[in-house]
A.B. asks: 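This is the structure I want to talk about, given as structure tokens.
To find a chain, count down the sequence lines: A is the first, B the second, and so on, and within it residues start at 1.
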Amino acid sequence: MRMSELFLRTLRDDPADADVDSHRLLVRAGYIRKVAAGMYSWLPLGHRVLRKVGQIVREEMDRAGAQEVLLPITQPLELWQRSGRDALYGPMMFRLEDRKETGFCLAPTAEEVMATLVGGEYSSYRDLPVNLYQIQWKYRDELRPRFGLLRGREFLMKDAYSFDTDMDGLRASYKKMYDAYYRVFERCSLTFRPVEAQSGEIGGDVNHEFMAVAAVGEDDFVWCTACDYAANVEAARRGHTWKHDEVPAVTDGSLTAPSVASLRPHADAPAMAKHHTPDMPGIAPVAAFFEVDASRTLKCIAFDIDGELGLALVPGDREVNEHALRAAVAPKPMRLLTDEDFAARRDLPKGYIGPHFPGASVVIADPAVAEPIGWITGANEADHHVRDAVLGRDFTVVVWADLVSIVSGDACPNCGQPLSVDRGIEVGHVFQLGTKYAESLDVNYTDANGEQHPMVMGCYGIGISRIVAAVVEEFHDENGMMWPVALAPYDVHLIALAGRGDQAEKVTSEADRLYEALTDRGMDVLYDDREASPGVKFADADLLGMPVQLVVGAKGLARGIVERKVRATGERDEVSLGDV
RNA sequence: CGGGGAGUGGCGCAGCUCGGUAGCGCACCGGCUUUGGGAGCCGGUGGUCGGGGGUUCAAAUCCCCCCUCCCCGACCA
């Protein structure tokens, strides 16, 4: 493609409404243009990337045995009323009416239409399994569209739907999709991890999110840089790396007897001593007062467990993972005490509670609390803390459970290497739906005995347009984008520095020749044949981000070479004209 | 939804406090010069200042209503 003919206008200034790098660069480089909040036009360069991502997804879906179809964007509201998701999505759906005032929506997803389609064609166990997918625009009227392509109201999504006769079949279909997703994100060069996730509005049981590591992600997740371990922050657990032989067995949630017998009090700890600490209800000032690290203080979080008072203990530099606490005391209901609770209970000195609080019926602690030190903690009396509170002597623990929220550097439960807590962009999500939709939409099959059963469904989504942004987030620098070869709009950016000197004609004809030769060789070449200054061409080439730049100039031609620069690494070398 | 900020040629901004009929940079068009990291000079095109209403001789500017867009968003004792 000759740039003199390409529909492209790059911007020198960052667009005022773009904050994140991918949005900023995609707009500046003329890949996309905003039409409305969360809605973008794809210009030629951007469209080529979008198509390449789509093609990779298509290849992997086909390879996994799924078949491509194309459903309408506009769907009858009646289907959504039947599945019960009309109310669930509520204002999230773009709604419209036809001239007869029949309700429609712009598809936020397509379980209903797809299930209805399959149910209408197939009715026998002999027909199953089947897996259909489409690459189609989806519409969600987000409360707050943001970050450009990362959370748009219109986005391109690959959605696949599997139909099986039973759960075993579903699990097999699920596994195929899961593996295909792995390959898709690998081919897109993303740093990603599959994470077991909570199921949201879509329902169903098992599901995994594929998270691309990125600072601008909207969800925190924990992942191991050394192995495949990954989890969302609520579900994440750490490996037990503390070195003390006193560490008790972790009971994993059930309320069991304390195993403190094996615990040894801190050998040198003097008796617990009370100190006057006025106006220090938080960890930081207390640690400063006693001149210790916050990890030497003991944080006591009060919670209500089935009407009784519980205390959760973690080191002062850690935070309690509320989900982990809830899981540890399940099935009993648990909630953290609120300011109102503290206001209502005068006996609870907020900020000065210690693990030996007499009214606590359950004391649950993170294994880190087993470290044999004298803790600094609340004195159960306003404006007072104690030091040298020793486990087994001054307080006891009823339940041991992993309670702390994971932070970067904690040990991986699989391999012991450091975990990393990062933000992630959800680029894919796979669900085992079960029979939920088949039942509400009456999508059944007949088994070998002539009996009717609902089909067992799975659904699988990939954010195609979101991947484009996620890849830019991972692959860019201050000058622009750096496309992986698999997704770059063009393989090579050929730059002709013709100027108007004596050599102009020679440079132009040589660049033309190279353009033809490379194109004939099957390469996609973006050829900067514009009458622009060298600076403009170099800056645009870096901004647009093709993997390789080839520079044809009078200087090089005199020596029979063109210069080559690898965009991502900045490496430069020379290529002899005879070789091209 | 709550809080904060912003709408002025295609893009980025100034002008608004103190009303007087719109300006700068980039981009675009023409000319001359220039050509290895966003060139220089000269001359141009393009905006009913988000929309509606009001005040006034006069409104981008003051007042009222509406729309759009951007950013942030409970709690760790």
A.B. asks: Both distances under 3.5 Å, Watson-Crick or G-U wobble: report the partner of B:G2, or none.
C.D. replies: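 Pairing partner: B:C72.
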A.B. asks: Once you apply the 3.5 Å cut-off to both distances, tell me the Watson-Crick or G-U wobble partner of B:C16, or none.
C.D. replies: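 Partner of B:C16: none found under 3.5 Å.
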A.B. asks: Starting the side chain at C-beta, find the nucleotide from B:G12, B:C28, B:C76 nearest to A:Arg9.
C.D. replies: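 When the side chain of A:Arg9 is considered, B:C28 is the closest of B:G12, B:C28, B:C76.
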A.B. asks: Among B:C76, B:A77, B:C69, find the nucleotide with the atom closest to the side chain of A:Ile283.
C.D. replies: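 The listed nucleotide nearest to A:Ile283's side chain is B:A77.
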A.B. asks: On RNA chain B, compare the nucleotides closest to A:Glu322 and A:Leu143; which residue's is nearer the 5' end?
C.D. replies: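 Here A:Leu143 is the residue nearer the 5' end.
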A.B. asks: Of the options B:G12, B:A77, B:C69, whose atoms approach the side-chain atoms of A:Ile301 most closely?
C.D. replies: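 The answer is B:A77.
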A.B. asks: Quick one: sort the A:Tyr352 and A:His385 rings into parallel, tilted or perpendicular, breaks at 30° and 60°.
C.D. replies: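 The rings of A:Tyr352 and A:His385 sit tilted, inter-plane angle from 30° to 60°.
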A.B. asks: Aromatic rings A:His275 and A:Phe289: how do their planes relate, parallel, tilted or perpendicular, breaks at 30° and 60°?
C.D. replies: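 Rings of A:His275 and A:Phe289: perpendicular, as their planes differ by over 60°.
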A.B. asks: I'd like to know whether CG of A:Asp347 has more than 12 heavy-atom contacts from other residues, nucleotides or ligands below 6.0 angstrom.
C.D. replies: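 Count over threshold, so yes.
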A.B. asks: Measure from the side chain of A:Ala16, starting at C-beta and using heavy atoms only, and say which of B:G12, B:C76, B:A77 lies closest.
C.D. replies: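 Among the listed nucleotides, the one closest to the side chain of A:Ala16 is B:G12.
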A.B. asks: List the atom of A:Arg238, the atom of A:Asp366, and the distance in Å for their closest heavy-atom pair.
C.D. replies: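 Looking at all heavy atoms of both residues, the shortest contact is NH2-OD2, 2.6 Å.
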A.B. asks: On RNA chain B, does the nearest nucleotide to A:Cys300 precede the nearest nucleotide to A:Arg153 from the 5' side, or the other way round? Give the residue.
C.D. replies: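 With A:Cys300 and A:Arg153 compared, the 5'-side residue is A:Arg153.
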A.B. asks: Any non-hydrogen side-chain atom of A:Ser405 less than 4.5 Å from a side-chain atom of A:Val233?
C.D. replies: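 Result no, sub-4.5 Å side-chain heavy-atom pair not found.
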A.B. asks: At 4.0 Å (heavy atoms only), tell me whether A:Leu348 reaches a base, stays on the sugar-phosphate, or touches nothing.
C.D. replies: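 The residue A:Leu348 makes no contact with any strand.
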A.B. asks: CE of A:Met3 to CG of A:Leu494: how many Å apart, nearest 0.5 Å?
C.D. replies: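 CG of A:Leu494 is found 11.0 Å from CE of A:Met3.
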A.B. asks: Can you tell me the Watson-Crick or wobble partner of B:C32, both distances under 3.5 angstrom?
C.D. replies: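 Base-paired to B:G40.
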A.B. asks: One character per nucleotide, please: for nucleotides 31-38 of chain B, 5' to 3', B when the base has a protein heavy atom closer than 4.0 Å, S when only the sugar-phosphate does, - otherwise.
C.D. replies: ---BBBBB
